[in-house]
Amino acid sequence: MEKILIEGGVPLKGSVEVFGAKNAALPILFATILAGGRSIIRNVPRLTDVTNTVLILRELGVGCERLGGGEIAVETFDPDPCAADHDLVRKMRASVCALGPLLARRRRAKIPMPGGCPFGHRPIDLHLKGLEALGARIHVEHGFIEAETDQLKGAHILLSGPNGSTVLGTANVMMAAALAKGMTVIEAAACEPEVADLARFLNAMGARIQGIGTRTLEIEGVEELRGADYRIINDRIEAGTFMIAAAMTGGDATIENAQPELLTAVIDTLRSMGAEVTSEANWIRVRRGQSPRPVDVTTYPYPGFPTDLQAQIMVYLCLAEGRSVVTERVYPDRFMHVAELVRMGANIRKEGAAAIITGVRELSGAPVMASDLRASACLILAGLVAKGITEIGDVFHLDRGYERIEERLAGLGAHIRREVTQPILAV
Ligand code: EPU
């Protein structure tokens with residue numbers, strides 16, 4: 001059991017480096033199932049989600065080897081397995097990305113239905129709709145998705161649902177279409193930079209994808225894909241988390257390896273709140289100019305304000321004098337962090353898919369529990385500004401998406417440390 005202890009009140013100063021993007025790395029690792037031959041993936045962060053993906057791939061006959069630094073070499077050693085029954089598949093949602101590549105390359109796939117999620121129901125109907133349109137026969141039984149095909153064929157597919165586009169759904173269908181016969185058009189495709197990164201990786205493997213980064217993807221199927229040497233993009237969500245941390249602690253920090261053009265909505269919001277943000281092609285400097293002003297924030301698919309930074313910006317808004325409204329348009333139930341922030345003295349009222357925040361003068365440190373990855377990041381930020389000591393439990397969530405975050409925040413001056421606690425034995 002591990003926990004993180006933070007003594008708040010230190011302005012973050014200096015510079016911090018952003019690592020590779022988790023949400024690009026995971027689908028790209030699964031995409032290697034599509035290729036014959038060895039791929040080298042660079043800039044892969046050291047996260048438990050990456051380790052778990054490597055374990056799932058091994059079960060599927062794909063070997064992965066860390067070459068040191070952020071590089072992983074990937075190569076299929078057994079092209080036959082079509083089923084992954086690892087407990088990890090159930091636990092890690094991104095493992096649904098094995099479905100499209102298995103179906104396209106091995107013609108059959110059987111994986112557990114991804115489980116529920118702390119922030120609500122996360123259906124995969126659009127993934128299945130897209131794969132069925134390509135000619136897959138799919139049925140869901142006894143908690144498993146079973147899919148098979150004689151040959152996938154290109155199709156015209158609309159991939160939008162009640163909450164807009166789907167990131168991993170677009171990834172899954174795009175990967176399958178890369179090896180389908182003929183032309184596929186995906187309309188209402190997700191435009192997230194991580195989906196674009198996957199498309200660029202597929203093209204490096206020999207796929208023919210056009211319209212990358214737009215709402216319409218055109219994929220001309222090819223006979224086979226080869227291994228590729230590819231460097232994944234840096235993590236914009238990690239960058240955004242550090243940016244908010246710098247602003248809210250009244251600090252002055254430069255986030256290295258951050259791409260400002262991928263963070264326009266976040267930069268806009270921080271400026272509206274009164275922070276000073278300057279940038280060049282691959283760094284962003286954030287300083288708090290004045291006391292934070294309240295603003296309304298609504299999450300949307302890219303290029304809107306990212307749902308993966310909603311919890312973090314909420315902490316900053318808790319300290320802005322006046323009323324702010326945060327509305328979730330991607331995951332209407334993603335508010336698990338609210339109860340923990342209230343425990344630390346925040347004034348937040350939840351109404352449907354919105355949280356109404358009335359700014360308070362300060363937060364106070366308390367023992368809190370992280371419910372998911374981004375909620376953990378939000379509690380870390382709250383701890384950095386709270387009076388006294390904040391103790392965050394269940395930190396394994398954090399290690400799924402942020403590499404050594406406490407060391408990097410300590411490098412900016414934060415008083416933060418990880419502590420290993422002994423499990424309480426039953427008597
Ligand atoms: N949706 C459907 N049907 C589907 C798929 C999705 O209705 O078949 C709905 C979802 O319920 C949600 C909306 O569409 O309301 C968007 O979900 P999406 O499919 O885009 O989410 P995802 O692909 O499962 C990825 C990221 C999430 C991130 C979302 C939104 C990965 C591994 N996960 O999930 O990241 O929040 O896109 O940007 O890429 C995180 O990193 O903490 C995280 C949760």
Side-chain angles (χ1 to χ4, degrees), residues 20-31 45 47-50 52-53 56 89 91-100 113-133 138 140 145 157-175 186 188-198 232-233 235-241 262 265-266 299-312 327-334 336-337 353 370-378 397-403 405:
K22 165 182 85 82
N23 289 347
L26 304 182
I28 282 177
L29 284 169
F30 282 110
L47 304 170
T48 45
D49 269 11
V50 168
N52 292 342
T53 300
I56 295 166
V89 183
K91 288 187 186 146
M92 195 180 60
R93 197 173 163 82
S95 57
V96 73
C97 281
L99 197 57
M113 189 77 178
C117 177
F119 49 86
H121 178 46
R122 291 176 72 183
I124 58 158
D125 56 312
L126 296 170
H127 299 235
L128 304 188
K129 172 188 165 185
L131 295 173
E132 276 173 340
I138 301 181
V140 179
I145 309 162
I157 304 164
L158 178 70
L159 269 193
S160 77
N163 298 315
S165 53
T166 162
V167 171
L168 294 181
T170 303
N172 235 337
V173 178
M174 178 168 68
M175 289 189 280
I186 302 178
C191 303
E192 268 66 8
E194 295 76 20
V195 176
D197 209 35
L198 170 65
I232 63 166
I233 52 168
D235 200 314
R236 66 193 166 101
I237 303 301
E238 191 175 85
T241 304
L262 303 185
V266 181
T299 66
Y300 284 109
Y302 186 82
F305 193 94
T307 173
D308 291 342
L309 285 170
Q310 179 257 107
Q312 296 91 313
T327 309
E328 249 302 337
R329 286 275 156 77
V330 180
Y331 290 117
D333 296 325
R334 196 175 198 176
M336 302 297 286
H337 43 285
S371 56
D372 69 71
L373 168 58
R374 306 304 171 188
S376 316
C378 135
H397 290 297
L398 206 59
D399 298 330
R400 288 187 38 228
Y402 294 90
E403 183 178 333
I405 193 170

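These numbers were taken from a predicted model, which means no experiment stands behind them. Counting convention: from 1, in listed order, for ligands and their atoms alike.
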Table of N or O contacts for ligand 1, cutoff 3.5 Å:
| unit_1 | atom_1 | unit_2 | atom_2 | d |
| --- | --- | --- | --- | --- |
| ligand 1 | 3 (N) | Asp125 | OD1 | 2.7 |
| ligand 1 | 8 (O) | Pro123 | O | 3.3 |
| ligand 1 | 8 (O) | Asp125 | N | 3.1 |
| ligand 1 | 8 (O) | Asp125 | OD1 | 3.2 |
| ligand 1 | 8 (O) | Leu126 | N | 2.7 |
| ligand 1 | 15 (O) | Asn163 | ND2 | 2.9 |
| ligand 1 | 15 (O) | Val330 | O | 2.5 |
| ligand 1 | 17 (O) | Tyr331 | OH | 3.3 |
| ligand 1 | 19 (O) | Thr166 | OG1 | 2.6 |
| ligand 1 | 20 (O) | Val167 | N | 2.8 |
| ligand 1 | 21 (O) | Tyr331 | OH | 2.7 |
| ligand 1 | 23 (O) | Leu168 | N | 2.8 |
| ligand 1 | 24 (O) | Arg93 | NE | 3.1 |
| ligand 1 | 24 (O) | Arg122 | NH2 | 3.0 |
| ligand 1 | 34 (O) | Arg122 | NH2 | 3.2 |
| ligand 1 | 35 (O) | Asn23 | ND2 | 3.3 |
| ligand 1 | 35 (O) | Asp308 | OD2 | 3.2 |
| ligand 1 | 36 (O) | Asp308 | OD1 | 2.6 |
| ligand 1 | 36 (O) | Asp308 | OD2 | 3.4 |
| ligand 1 | 36 (O) | Arg334 | NH1 | 3.4 |
| ligand 1 | 39 (O) | Asn23 | OD1 | 3.4 |
| ligand 1 | 41 (O) | Lys22 | NZ | 3.1 |
| ligand 1 | 41 (O) | Asn23 | ND2 | 3.0 |
| ligand 1 | 41 (O) | Arg374 | NH2 | 2.8 |
| ligand 1 | 42 (O) | Arg334 | NH2 | 3.4 |
| ligand 1 | 42 (O) | Arg374 | NE | 2.9 |

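A pairwise comparison of heavy atoms in Ile28 and Ile232 identifies CD1-CG2, 3.5 Å as the closest pair.
Residues passing the salt bridge (Lys or Arg N to Asp or Glu O under 4.0 Å) test with Arg374: none are found, sequence neighbours excluded.
Inspection of the His397 and Asp372 side chains reveals no N or O donor paired with an N or O acceptor under 3.5 Å. Under 3.5 Å, the side chains of Glu328 and Thr299 contain a donor-acceptor pair of N or O atoms.
Classification of Asp308 and Arg334 as a salt-bridged pair holds, one side-chain N sitting under 4.0 Å from a carboxylate O. With salt bridges taken as basic N to acidic carboxylate O contacts below 4.0 Å, one links Glu194 and Arg236.
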